[in-house]
Amino acid sequence: MKFSLAARLILLIITFTAAISAQNRFEGYSFVLEADESGVCPVRYLPGASGGNSVEVFIAGTGQRQNAAGLTACDGAGANANNVLTNGVGKWCFQGPEPMYEIRLKNGDTYLWYPTTKESGFFNVKDFRPVTRSGSEYVFTEPADHTATIRNALYFIASRQGGTLRFPEGDYIVGTLDGNRRDPRFRALTLPSGVVIEGASARISTPSTLLPNNKSASRIRLRNDNQAIFRIGGCTSNITIQNLELVGNEALQAEAQRSVANTYAIEGFGKWSIDPATRAQLTNTSMVFKFSNLTIQGFDRGIYVHNAGGDNCNPSLQACGEWQFDHLKVEHIFL
């Protein structure tokens, strides 16, 4: 079959347009998300000097062994092979054909990353589970411990300055190496501003008889003492946690009694620093939180808000015993 020149031009334009439309858009920022003992703001951006906030992009599920190809920069960013540089406001942006990529920050942290779509703003935690590439397919696996999965999702949402993270019904263990043994690096999951943590149900369970068989609740739980599930640091606002069961280091069936010392379902953690020269307090406010329809059991304290440093607070450096949450709503909580 022969086509006229005009028909061939139209076909070429359609093909070119389809190729452009097949490109997905990925964007974000490079930072650390951690509310730690310093009490400073938990989102700390990586320095832009010498490309310190650029990212490397890999095909997801290849263990960073396969560089992403065919990337193009967007929104004023730059791209050189699989290295994407930031624009003038510190944002990296690229387009590529894959439905997801793995990015690596200059500090070595890696994250599974998704494009902007019409569904952006609502995210399923299971989309951030470990993934492997099999041919052209992506295969997700259920981890024994969900710490890395949830942290990846929270980092992704923090880069978007907020969003809703949904937990389908099931059991989500955090703070371990293998579902039981303590992860010595884990203290808590830091929540960024603007996040909504939402489960399917807060139905109460009896750990000694029903875990992990009772799947109707969306349940996040610990397996060790001296840990918290969620931590909210300074400079943080507009967080909602709802429709979840949060379980501490409770003994399961046939287990001996376990320690719940220094375990918290939700921990607020920050400080009002004092300028040593002027003695002025430096603003570090956290506000506008809602905790609703939660079952909290098996903790030393369910919700605990305190100064960074605790009993070791130095009054010459911070206002001891004064850091707090402002504008907090707590409703329908079973403790």
Side-chain angles (χ1 to χ4, degrees), residues 34-37 124-126 128-130 140-154 165-191 197-232 241-269 291-306 310-311 330 332-335:
E34 185 71 31
D36 57 23
E37 292 289 338
N124 188 325
V125 71
K126 289 185 176 290
F128 296 88
R129 292 173 296 169
F140 290 90
T141 57
E142 201 68 36
D145 179 277
H146 286 79
T147 302
T149 294
I150 299 171
R151 277 184 169 158
N152 192 148
L154 292 173
L165 180 60
R166 289 172 170 161
F167 286 75
E169 62 182 22
D171 206 42
Y172 303 87
I173 295 173
V174 297
T176 75
L177 297 173
D178 55 7
N180 190 57
R181 291 185 300 131
R182 178 191 303 277
D183 182 348
R185 302 164 299 175
F186 180 87
R187 293 294 177 268
L189 299 166
T190 298
L191 298 183
I197 303 293
E198 183 175 71
S201 167
R203 180 183 175 184
I204 187 171
S205 61
T206 305
S208 61
T209 59
L210 296 178
L211 286 179
N213 299 317
N214 184 357
K215 294 292 187 181
S216 61
S218 297
R219 181 188 308 106
I220 306 176
R221 61 187 177 97
L222 300 174
R223 291 292 285 156
N224 295 281
D225 55 11
N226 295 296
Q227 295 177 339
I229 291 182
F230 294 127
R231 177 179 283 179
I232 299 173
I241 305 174
Q242 60 190 14
N243 303 333
L244 285 168
E245 183 181 27
L246 304 177
V247 180
N249 190 29
E250 288 267 309
L252 305 185
Q253 189 171 19
E255 285 186 339
Q257 184 174 352
R258 301 171 71 94
S259 170
V260 298
N262 302 313
T263 55
Y264 318 119
I266 303 170
E267 180 185 24
F269 190 79
F291 308 144
S292 176
N293 194 29
L294 300 176
T295 294
I296 298 175
Q297 62 170 316
F299 295 93
D300 188 351
R301 303 184 187 188
I303 302 173
Y304 180 40
V305 182
H306 62 107
D311 294 337
V330 179
H332 306 301
I333 306 293
F334 180 87
L335 291 170

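Note that the structure is a prediction, hence the values are computed from the model and not measured. Here, residue 1 is the first one in the sequence, and each next residue gets the next number.
For the pair I173/T147, no side-chain contact is recorded, criterion being any heavy-atom separation below 4.5 Å from C-beta on. At least one side-chain heavy atom of L246 sits less than 4.5 Å from a side-chain heavy atom of F230. Annotation: side chain of V125 is in contact with side chain of P168 (closest heavy-atom distance under 4.5 Å). Contact check for S208 versus Q253: no side-chain heavy atoms found under the 4.5 Å cut-off. No side-chain heavy atom of F334 sits less than 4.5 Å from a side-chain heavy atom of L294.
The aromatic rings of H306 and F269 lie perpendicular to each other, with more than 60° between the two planes, well past the 30° mark. Taking the six-membered ring for Trp and thresholds of 30 and 60 degrees, F167 and Y172 have ring planes more than 60 degrees apart, a perpendicular arrangement.
Looking at every heavy atom in both residues, I229 comes nearest to V247 through CD1-O, 3.9 Å. Scanning both residues, T149 and P130, for their nearest heavy atoms gives OG1-CD, 3.8 Å.
At least one test fails for R301 against the ring of F299: distance under 6.0 Å to the centre or angle within 45° of the axis.
R129 CZ to N152 CG: the interatomic distance, rounded to the nearest 0.5 Å, is 12.5 Å. Note that OG1 of T190 is 12.5 Å distant from CD1 of I150, once rounded to the nearest 0.5 Å. Atom CD1 of I197 and atom CG of L189 lie 8.5 Å apart (nearest 0.5 Å). R221 contributes atom CZ, which lies 4.0 Å from atom CG of D171 (distance to the nearest 0.5 angstrom). Taken from CD1 in I220 to CG in L244, the straight-line distance is 5.0 Å, to the nearest 0.5 Å. Between L252 atom CG and T206 atom OG1 the span is 12.0 Å, to the nearest 0.5 Å.
The closest donor-acceptor contact from the side chain of D145 to the backbone of T176 lies under 3.5 Å. With Q227 contributing its side chain and G175 its backbone, the two residues share a donor-acceptor pair below 3.5 Å. Using a distance-only test at 3.5 Å, with no hydrogens or angles considered, no donor-acceptor pair links the side chain of S205 to the main chain of P207.
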Please lay out, stage by stage, how S218 and E245 fare under the test side chain to side chain donor-acceptor pair (under 3.5 Å).
CA-CA 6 Å; S218 297; E245 183 181 27; over 6 Å; no
Could you give me the CA-CA distance, side-chain angles and deciding distance for E267 and R187, then say whether salt bridge (Lys or Arg N to Asp or Glu O under 4.0 Å) is met?
CA-CA 10 Å; E267 180 185 24; R187 293 294 177 268; over 6 Å; no
Run the salt bridge (Lys or Arg N to Asp or Glu O under 4.0 Å) test on R258 and E250 for me, step by step, so that the C-alpha distance in whole Å, both residues' side-chain angles and the decisive distance to 0.1 Å come before the verdict.
CA-CA 6 Å; R258 301 171 71 94; E250 288 267 309; over 6 Å; no
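Considering only residues two or more places apart in sequence or on other chains, N226 meets the side-chain hydrogen bond (donor to acceptor under 3.5 Å, both in side chains) condition with N262.
Remark: the R166 side chain and the N124 side chain contain no N/O donor-acceptor pair separated by less than 3.5 Å. A donor-acceptor contact closer than 3.5 angstrom is absent between the side chains of D225 and T263. Defined by atom type and a distance below 3.5 Å, a donor-acceptor pair is missing between the side-chain atoms of N224 and N249.
Shown here is E255, whose CD atom has more than 12 heavy atoms of other residues, nucleotides or ligands within 6.0 Å. In the displayed structure, R203 atom CZ is contacted under 6.0 Å by at most 12 heavy atoms of other residues, nucleotides or ligands.
Between E198 and the options I241, N293, N243, a side-chain contact (heavy atoms from CB on, under 4.5 Å) holds for only N243.
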